[in-house]
Structure formats: structure tokens, C-alpha cells
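Okay, so here's the structure we're looking at.
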Amino acid sequence: MTTAPLPDDDLDTPDTGGPVYLYAVTRAPARAPRDETGEPLAGVADAAVRVVASDRIAALVSPVDPRHLEMVGQRPQEAELAWLEHVARTHNAVVESAFRETTVLPMRIATVHPAEESVRAFLRESADAIHAELARLDGLVEVGVKAYRTAPAAAAGTDAEPSGNPPAAAPRPDSPGRAYLEARRARRRARADADRDAAALVRSVREAAAPHAVDQRAHRLQTGELAAGPGENIANDAWLVPRAALLELHAAVTVLADPAAGRHVEVTGPWAPYSFVRPVTADAG
Amino acid sequence: MPDELLPDDVAPRQVALIDLLDRLLADGAVLTGDLVLSIADVDLVHIDLRAVIRSIEPDHPAPW
């Protein structure tokens, strides 16, 4: 803080006059984010991130060639995913550079304005709504809490539990059909038990998290190739949490995990409040 | 483990892409300006990104 941050545009890099990618808005004055070497943070396609300010609001933007974004869908799939990952990670890096300092409203990925002047107009016209939303989110962070289930170690083997029915362990010689039915029933019971366990875990994780949070949002369960959890994802929640309650929430939910019994809990974050930002429009102000 | 949640530690961690996409592509969750565009339509881009994900994993209609 040896030099006073400029309340308006960062002058290190000139306004190109062209389209800009908009990452987030925060309160002015904000300095253009720097990387660890002190250079301006690189945004999408390595363009330097700059600050556009109006009405005590600062927007983080970088010049972008919209064709970079519009080309999506026209390249080999691996290239598409790599590009999407670049945009997503860059977006998050810029959002987090501001989030480390203060409250931010992250923009939706791939938000492009035709020019900085259009961003300034957006800030001007939505100023009241943006300030209200920033005030609402002050001191709050988003935490991800995911629950997974795996087959409990005991159920996977052939050992029958003392209290359980030995499934088809001793088929009665006079009734192979009956043995088959017994085994089928046992399997169905085991599945129902597992489903009940999973539902109970989800419920208890939510009950444990809720007292530490002010809001919750359930994201869709994670499946597919990108899902890399320890088992089947059974809850994928975002919680809006006062910063001071982070560790308490973490402790309250992770204590419910019991990997040997097939119960897993993962916590991610803290994130900027991506899942809780309400749309801000000129009309809302 | 709790150390991972300390705010100062946000930057160095590599977040999972799927967790990021949950947040960046979630319906209506992220702030939008309705003044955006004329050059690149945000919603078109948005939808295209979804299409990319879907086309990468044809067996999973909602893979993230």
C-alpha cells in the first residue's frame, strides 16, 4: 500500500476499446490483481486483467476476442475440454484474487461485454443492486460439502454378519428354488439397508452443517468421467457460511465420515459465493 | 485437514474441475448482467459449454 490504488481504471494496460470478458465485481477502489511476480494477472487467453470502475464499484475485466469463446463446439473434444478448463480455472483464479481481499460477486462464466464502456454502463445502472448484494454477502463464504457412499468392507465379502441371515450358505437340498429366493431377498435387504444408510448420511450431514450456515443449495450429484470422488456421490451441497464458522462446519460434517463403513464426506472451499449470488440487473436496483 | 479451509490457503490449492463447473455452469446461480452482449451472446456460449461437456461423455447426460 505504498502507492494509493487508483479509484478508477488501472492505467498499466490501456483499454483496447474492444470486447472484454467480465469476471467479477467488487467494491472500488480495487487494484488490478497481480500474479506472484507482480505482473498483472493473466486472464482468459493470457490477456492482462484490468479494473473498470464506476459508482464505487470495480469490475475485473480483460480484453477478449469473442471468437475464442464462440469457437466452442468446433474443435476436437479434447481441445474443447482443455479450453473449457482453461476458461473455468482462469475465471476462478481472477475471482479468487479479489475474493482474498474482499467481498466479490462472481459473474457467470463467459460473460462478455462489447466494450469497457458497456461494463461501466452496467455498473452505473445496477449500482444500487450490486451494493445491496455485496452488503448481503459481506463476511460470507461458500463451502462445498459432498457425501459419498461405497460398499462397506464387510458387505462386500462372503462373511455373514452374526445377526444377518447367511445368504444361501446352506441351500436346502430339498428346495433349490427356496434357497435362490432367500439369497435374492438377502441381496434386496442389503441394498435397502445401503440406501437407508446413504439417506441417513445425507440427512445427518445436512443437519450438522445447517446450524453453521445461513443458506444452502443442492447441486446436481456428480457423475461421469469428471467425477473423481471415493464412491457414489449422494450429496453435493453448497453452504453459505460466515467466515468465522468455517472450521466448525468442517469439523461438524467430517466427523460423520466412516470410510470403513462406506460413509465419506468431502469439504471444498472456501469459495467465492458462486452458488448464492442473485442476479443483479438494472431493474432490480 | 482443517488447515485446507483457512482462507489464506485458497490460492495454492488445485480445485477439481467438476466442482468448479458445478458453480460456474449452474443454472441461474451466478450473477449475470442482462446488458451483456451484442457481440457474443452469453447464453449461447453458456449453452455451448454445456454441449461440450455432454458431447465429451455421451453416456452421461449430466456428467458434471
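Chain A is the first sequence line, chain B the second, and so forth, proteins listed ahead of strands; every chain is numbered from 1.
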Report task. Only counting residues at least two apart or in another chain, list the ones meeting side chain to side chain donor-acceptor pair (under 3.5 Å) with Arg124(A). Result -> none
Query raised in the report: Does some side-chain heavy atom of Asn92(A) sit less than 4.5 Å from a side-chain heavy atom of Val15(B)?
Result: yes
Query raised in the report: Is it the side chain or the backbone of Ala228(A) that comes within 4.5 Å of chain B heavy atoms, both, or neither?
Result: neither
Query raised in the report: Does any non-hydrogen side-chain atom of Leu17(B) lie less than 4.5 Å from one of Arg89(A)?
Result: yes
Query raised in the report: What pairs with Ala218(A) under side-chain contact (heavy atoms from CB on, under 4.5 Å), at least two apart in sequence or on another chain?
Result: Arg206(A), Gln216(A), Asp237(A)
Query raised in the report: Measuring from Ile18(B):CD1 to Asn233(A):CG, what's the distance to the nearest 0.5 Å?
Result: 8.0 Å
Query raised in the report: Can you name the closest pair of heavy atoms from Gln222(A) and Asp19(B) and give their distance?
Result: NE2-OD1, 2.7 Å
Requested in this report: Would you check if the side chain of Arg23(B) reaches a backbone N or O of Ala238(A) as a donor-acceptor pair within less than 3.5 Å?
Outcome: no
